[in-house]
Amino acid sequence: MDHKVRCGLASATLFAVLALATGNDANAAGDPKHGAQVFQACIACHSVKPGEHMTGPSLAGIWNRKAGTAEGFLRYSDALKRVDIVLNEATLDKWLANPEQFVPGTSMTFPGVRESKDREDVIAYLRAVSEGKASRAEPRRGGMMMQSGKVDLKRAPPAGQVVSISHCGDTYAVRTADGKTSKVWEFNLRLKTDSSKDGPQPGKPVIVGAGMQGDRASVVFAAPAEISSFIKQTCR
Ligand code: HEC
């Protein structure tokens with residue numbers, strides 16, 4: 001056999017093997033179970049519960065839907081609203097590889113998922129969620145005093161129920177229903193509102209954050225109007 005022919009044969013065989021391998025991969029089409037783990041990188045900003053919008057929109061039913069159109073999400077960037085993309089395997093792969101490059105000006109401040117296998121799997125997970133084939137149960141986010149993320153603030157334990165806040169000098173004193181008072185530097189206390197169904201009862205703000213000693217404590221109110229009336233200016 002002359003050299004040229006042998007080479008040709010060898011590469012033809014190699015090509016067939018490669019084609020077979022790729023074909024098999026395409027049939028496997030991503031592993032939603034592993035994708036649910038990759039999704040841990042997203043849960044700080046996204047829920048897969050329908051209508052639960054956080055920093056980013058709910059990803060409950062995105063499959064084959066136009067990007068930038070989740071009902072009730074009020075914070076899309078102009079860039080994403082304007083762009084004409086239908087969310088599917090191909091577009092999600094580009095989006096998740098590098099959001100800012102795919103949609104310049106997006107407000108999704110996320111560097112992207114580097115490994116293409118991880119992207120394929122998380123996309124398979126999002127598809128399964130959309131098609132009702134994956135559990136919509138939220139991955140655990142940690143205890144309510146530990147973490148950000150959505151928790152039901154109407155069920156806060158006494159240590160989270162704020163009974164009064166006073167401000168003196170540069171310090172807030174936050175008294176909770178367990179009888180304790182925490183003093184927090186004013187620059188370290190975040191005052192937030194949660195008007196969703198998970199938010200606190202009107203007039204019953206809740207403190208969440210790193211044990212309140214840390215620098216990440218937040219007091220969450222039911223509505224903005226409550227904030228200044230709740231906080232008393234006093235040094236007693
Ligand atoms: C730091 C917060 C943050 C993280 C982390 C994040 N996202 Fe986002 N995501 C956003 C925001 C904000 C938007 C809206 C972007 C805009 O309007 O430009 C968005 C939009 C999206 C959209 C478009 C949805 C629609 O309705 O058009 C998809 C899909 C998405 N994100 C998937 C993911 C996935 C999957 C991950 C994890 C691998 C992830 N995101 C991680 C904040 C985040």
Side-chain angles (χ1 to χ4, degrees), residues 25 28-142 144 146-151 190 192-199 208-210 214-216 218 220:
D25 267 354
D31 169 7
K33 279 224 175 76
H34 178 244
Q37 285 167 29
V38 178
F39 193 71
Q40 293 289 327
C42 324
I43 62 168
C45 299
H46 289 290
S47 164
V48 292
K49 286 197 198 133
E52 187 171 88
H53 304 309
M54 297 165 51
T55 305
S58 160
L59 300 179
I62 59 167
W63 201 255
N64 282 336
R65 209 201 57 208
K66 196 171 171 300
T69 60
E71 205 183 311
F73 183 67
L74 308 176
R75 295 178 290 282
Y76 282 117
S77 64
D78 291 343
L80 198 66
K81 273 194 288 191
R82 257 199 313 263
V83 83
D84 201 5
I85 293 173
V86 170
L87 297 167
N88 56 32
E89 264 122 4
T91 55
L92 281 166
D93 187 65
K94 288 193 191 131
W95 167 251
L96 294 178
N98 189 336
E100 172 63 31
Q101 188 176 309
F102 191 47
V103 180
T106 178
S107 56
M108 174 152 135
T109 49
F110 179 72
V113 178
R114 187 159 308 164
E115 299 292 329
S116 70
K117 178 65 180 139
D118 286 346
R119 292 199 299 275
E120 193 179 326
D121 291 350
V122 80
I123 290 166
Y125 171 69
L126 290 174
R127 178 178 195 165
V129 165
S130 280
E131 294 176 346
K133 289 180 194 151
S135 148
R136 290 189 195 271
E138 288 296 275
R140 275 196 64 76
R141 295 178 200 276
M144 79 156 293
M146 302 276 305
Q147 271 266 9
S148 61
K150 297 283 286 173
V151 287
R190 291 169 181 150
K192 303 180 178 177
T193 55
D194 185 348
S195 57
S196 79
K197 63 172 177 30
D198 295 326
V208 293
D215 61 355
R216 292 189 299 156
S218 305
V220 187

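Ligands are counted one by one from 1 in listed order, and the atoms in each one are counted from 1 as well.
When side chains are defined from C-beta on, Asp31 does not count as touching Glu120, because their heavy atoms never get closer than 4.5 Å. For the pair Trp95 and Val103, the minimum side-chain heavy-atom distance is below 4.5 Å. Counting heavy atoms from C-beta on, the side chains of Leu59 and Phe39 come closer than 4.5 Å. With a 4.5 Å cut-off on side-chain heavy atoms, Asp84 and Lys66 count as touching. Using a 4.5 Å cut-off on side-chain heavy atoms (C-beta onward), Ile62 and Ser130 make contact. Between Ile85 and Phe102 the shortest side-chain heavy-atom distance falls below 4.5 Å. Under the 4.5 Å side-chain criterion, counting only non-hydrogen atoms from C-beta, Arg119 is not in contact with Glu89.
Given atom 27 (O) of ligand 1, the protein heavy atom at minimum distance is Gly68 N, 2.7 Å. At the shortest separation from atom 29 (C) of ligand 1 among protein heavy atoms lies Leu92 CD2, 3.6 Å. Of all protein heavy atoms, the one closest to atom 22 (C) of ligand 1 is Trp95 NE1, 3.5 Å. Protein heavy atom nearest atom 26 (O) of ligand 1, with residue, atom name and distance: Tyr76 OH, 2.5 Å.
Of all atoms in ligand 1, numbered sequentially from 1 with element shown, those under 4.0 Å from a heavy atom of Ser77 are 16 (C), 17 (O), 18 (O). Counting the atoms of ligand 1 from 1 in the order shown, those under 4.0 Å from a heavy atom of Val113 are 38 (C). Interface of Leu80 with ligand 1, defined as ligand atoms under 4.0 Å from a residue heavy atom, comprises 15 (C), 16 (C), 17 (O), 18 (O), 27 (O). Taking a cut-off of under 4.0 Å to the non-hydrogen atoms of Ala67, the atoms of ligand 1 that pass are 27 (O). Residue-ligand proximity, Arg65 to ligand 1, at heavy-atom distances under 4.0 Å covers atoms 25 (C), 26 (O), 27 (O). Using a 4.0 Å cut-off to heavy atoms of Thr109, the atoms of ligand 1 that qualify are 1 (C). When each atom of ligand 1 is checked for a heavy atom of Ala41 under 4.0 Å away, the hits are 5 (C). Of all the atoms in ligand 1, the ones that sit under 4.0 Å from a non-hydrogen atom of Thr55 are 12 (C).
An N or O contact shorter than 3.5 Å links Thr106 to ligand 1 by distance. The distance criterion of under 3.5 Å between nitrogen or oxygen atoms is met by Ser107 with respect to ligand 1.
Between Val113 and Asp118 the shortest heavy-atom distance is CG1-CB, 3.6 Å.
No donor-acceptor pair under 3.5 Å is formed between the side chain of Tyr125 and the backbone N or O of Gln37. In this structure a side-chain-to-backbone donor-acceptor pair under 3.5 Å is missing from Ser47 to Ser58.
Excluding waters, the set of protein N/O/S atoms under 2.8 Å from atom 8 (Fe) of ligand 1 reads His46 NE2, Met108 SD.
Around NZ of Lys117, the count of heavy atoms belonging to other residues, nucleotides or ligands within 6.0 Å exceeds 12.
Residue Val38 is tested with Leu96, Ile123, Val122 for a side chain to side chain contact (heavy atoms under 4.5 Å, CB included); the sole match is Val122.
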Where do Glu131 and Arg127 land on the salt bridge (charged side-chain N to carboxylate O under 4.0 Å, His left out) test, with the steps shown first? CA-CA 6 Å; Glu131 294 176 346; Arg127 178 178 195 165; 3.1 Å; yes

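Judged as a side chain to side chain donor-acceptor pair (under 3.5 Å), the pairs with a partner in residues 101-112 (not counting sequence neighbours) are, in order, Asn98-Gln101.
In this structure, Ala44 has no heavy atom closer than 4.0 Å to ligand 1.
Counting heavy atoms closer than 4.0 Å to ligand 1, residue Val103 contributes nothing at all.
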